[in-house]
Amino acid sequence: MEKSHMSVFLLLVALSCALAKDAPKKETKETKETKPKLPQTLSRGWGDQLIWTQTYEEALFRSKTSNKPLMIIHHLDDCPHSQALKKAFAEHKEVQKLAEKFILLNLVYETTDKNLSPDGQYVPRILFIDPTLTVRADITGRYSNRLYAYEPSDISLLYSNMQKALKILKTEL
């Protein structure tokens, strides 16, 4: 009798092991967190077809040597205002086309250069820097308390400011 119980027990253990191997694994919260994420492009969703620089120093160098203006976008990945502006920026065909004429950098962190936060550190904010490495304080958004802030509804203002940055460059040449 003991042999038959032991045989049945071993049979059940073997069967459960075999079935456990074939069962599809469910994705839990833990497996999602440990799963490696795909690498992000430098665009971070602001325009994958555009050429983005990796660092502030590289952007300054490329602006100076190519004689193109630099557009710096300060944002945060978890900021709803940044996400909304990113969506508007990426979907606006004219902005995307005009952005090709700039050296582009988007930052999710602050730099040590205080010239990039002339009126405070807030997001999203967009600054233009000319090839002489001067922050264009005359190219601002519509807010008096956050001069370089833009919202999705300001996309046409951003577009005209981009045109202004390019026009200023042409008149200075």
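Atoms considered below: every heavy atom in the structure, side chains included; atoms not considered: hydrogens, waters and symmetry mates. Please read these numbers as outputs of a predicted model, since none were measured by experiment.
H92 and Y159 have tilted rings, their planes meeting at an angle from 30° to 60° on a 0 to 90° scale.
Atom OH of Y143 is surrounded by more than 12 heavy atoms from other residues, nucleotides or ligands within 6.0 Å. The local environment of CD1 in I51 is sparse, with at most 12 non-hydrogen atoms from other residues, nucleotides or ligands closer than 6.0 Å. Counting heavy atoms of neighbouring residues, nucleotides and ligands inside a 6.0 Å radius, atom CD of Q49 exceeds 12 of them.
Tracing side-chain contacts under 4.5 Å through hydrophobic residues (I, L, V, M, F, W, Y), one never reaches L116 starting from L104; they form parts of separate clusters. Put simply, L70 and L158 are part of two different groups of oily side chains (I, L, V, M, F, W, Y) that touch within less than 4.5 Å, one to the next.
Interatomic distance, I129 CD1 to K64 NZ, rounded to the nearest 0.5 Å: 12.5 Å. Taking CH2 from W52 and OG1 from T41, the interatomic distance works out to 9.5 Å, rounded to the nearest 0.5 Å. In this structure, the separation between OG on S66 and NZ on K101 is 14.0 Å, given to the nearest 0.5 Å. To the nearest 0.5 Å, atom CD1 of residue I103 and atom CZ of residue R62 are 4.5 Å apart. In this structure, the separation between CG on L133 and CZ on F61 is 11.0 Å, given to the nearest 0.5 Å.
You'll find the side chain of H74 reaches within 4.5 Å of the side chain of E110, heavy atoms only. Two residues are said to be in side-chain contact when any heavy atoms from C-beta on lie closer than 4.5 Å; Y148 and P118 meet this criterion. Considering only heavy atoms from C-beta on, H75 comes within 4.5 Å of N106 through its side chain. In this structure, M162 and F128 have side chains that are in contact, with non-hydrogen atoms separated by less than 4.5 Å. Using a 4.5 Å heavy-atom cutoff, the side chains of K93 and K97 are not in contact. Residues S82 and L85 form no side-chain contact, since every pair of their non-hydrogen atoms from C-beta on lies 4.5 Å or further apart. Between I73 and L107, every side-chain heavy-atom pair lies at or beyond the 4.5 Å cut-off.
In terms of the side chain to side chain contact (heavy atoms under 4.5 Å, CB included) criterion, residue partners of N115 (sequence neighbours excluded) are, by chain and number, D113, V135. With sequence neighbours left out, Y150 forms a ring-ring contact (aromatic ring centres under 6.0 Å, His included) with no residue at all. In this structure E58 satisfies the side-chain hydrogen bond (donor to acceptor under 3.5 Å, both in side chains) test with no other residue, sequence neighbours excluded.
The two residues V108 and L76 come nearest to each other via the heavy atoms O-CD2, 3.7 Å. The minimum heavy-atom distance linking C79 with V123 is given by the pair SG-CG2, 4.1 Å. For the residue pair F102 and M71, the shortest heavy atom distance occurs at CD2-CB, 4.0 Å. Here the shortest heavy-atom pairing between L105 and Y56 reads CD2-CA, 3.5 Å. Annotation for G141 and N161: closest pair N-ND2, 4.3 Å, computed over non-hydrogen atoms. Minimum interatomic distance between G45 and A90 (heavy atoms only, all atoms of both residues): O-CB, 3.5 Å.
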Decide side-chain contact (heavy atoms from CB on, under 4.5 Å) for L127 and R136; before the verdict, give the C-alpha distance in whole Å, the side-chain angles of both, and the deciding distance to 0.1 Å. CA-CA 7 Å; L127 291 104; R136 299 309 306 231; over 6 Å; no
Under the side-chain contact (heavy atoms from CB on, under 4.5 Å) rule, what do R125 and R146 come out as? Steps first, then yes or no, please. CA-CA 8 Å; R125 72 179 186 276; R146 296 180 329 260; over 6 Å; no
As a quick check of understanding, evaluate side-chain contact (heavy atoms from CB on, under 4.5 Å) for L98 and Q163, giving each step before the final call. CA-CA 8 Å; L98 198 56; Q163 289 176 316; 3.6 Å; yes
Begin with the C-alpha distance, continue with both residues' side-chain angles, and end with the deciding distance and a verdict on side-chain contact (heavy atoms from CB on, under 4.5 Å) for E100 and L50. CA-CA 6 Å; E100 293 173 0; L50 299 170; 3.5 Å; yes
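D154 has a carboxylate O that lies under 4.0 Å from a charged side-chain N of R142, or vice versa, which qualifies the two as a salt bridge. In this structure, D77 does not pair ionically with R44, as no charged nitrogen and carboxylate oxygen lie closer than 4.0 Å.
Side-chain atoms of S63 come within 3.5 Å of backbone atoms of K68 as a donor-acceptor pair (strictly under, hydrogens ignored). Using a distance-only test at 3.5 Å, with no hydrogens or angles considered, a donor-acceptor pair links the side chain of Q96 to the main chain of W46.
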